[in-house]
Amino acid sequence: MIALARLLVVGFLVLTVVYICLSLYSRAMRRAKLRTWWVEAGRPGDEESYVEKGLAEYDGSLRRKLILGVYVVPLCLMGLILYLTNFY
């Protein structure tokens, strides 16, 4: 039982690091796309306000929520493997 708890704690910490890295990377890519779109749109208004407005929309998007799958998928797979190994 202690081994399972240790596995879950270490796994959660690793998944947290992966989530943070993936979230920061995705946000940086969105920022770069917004800057490109700002230039392609003929530079309407201030660049920083355009990018911040776009990032505010991104924060409420489905893509941002799908990144939480970093936690859900591995834990479900681990639970499935444990179930199949012990009870099937």
Using a 3.5 Å cut-off and no angle test, enumerate the donor-acceptor pairs between side-chain atoms of residues 68-80 and protein atoms at least two apart in sequence or in another chain.
residue : atom : partner : partner atom : Å
Y71     : OH   : T16     : OG1          : 3.0

Spacing of I20 atom CD1 and I67 atom CD1 [to the nearest 0.5 Å]: 12.0 Å

Nearest 0.5 angstrom please: L15 CG to L22 CG, how far? 11.5 Å

Would F87 end up clustered with L84 when hydrophobic side chains under 4.5 Å apart are linked, directly or stepwise? yes

Smallest heavy-atom separation, G60 atom then K65 atom, equals O-NZ, 3.2 Å

Checking side-chain contact (heavy atoms from CB on, under 4.5 Å) for the pair E40/R35: CA distance, chi angles, key distance, verdict? CA-CA 9 Å; E40 290 174 356; R35 289 189 176 170; over 6 Å; no

Distance-only check: which donor-acceptor pairs under 3.5 Å involve side-chain atoms of residues 25-33, not counting sequence neighbours?
residue : atom : partner : partner atom : Å
S26     : OG   : Y58     : OH           : 2.4
R27     : NH1  : D59     : OD1          : 2.7

List, by chain and number, the other hydrophobic cluster members for V51, where Ile, Leu, Val, Met, Phe, Trp and Tyr join if side-chain heavy atoms come within less than 4.5 Å, directly or indirectly. L34, W37, W38, V39, Y50, L55

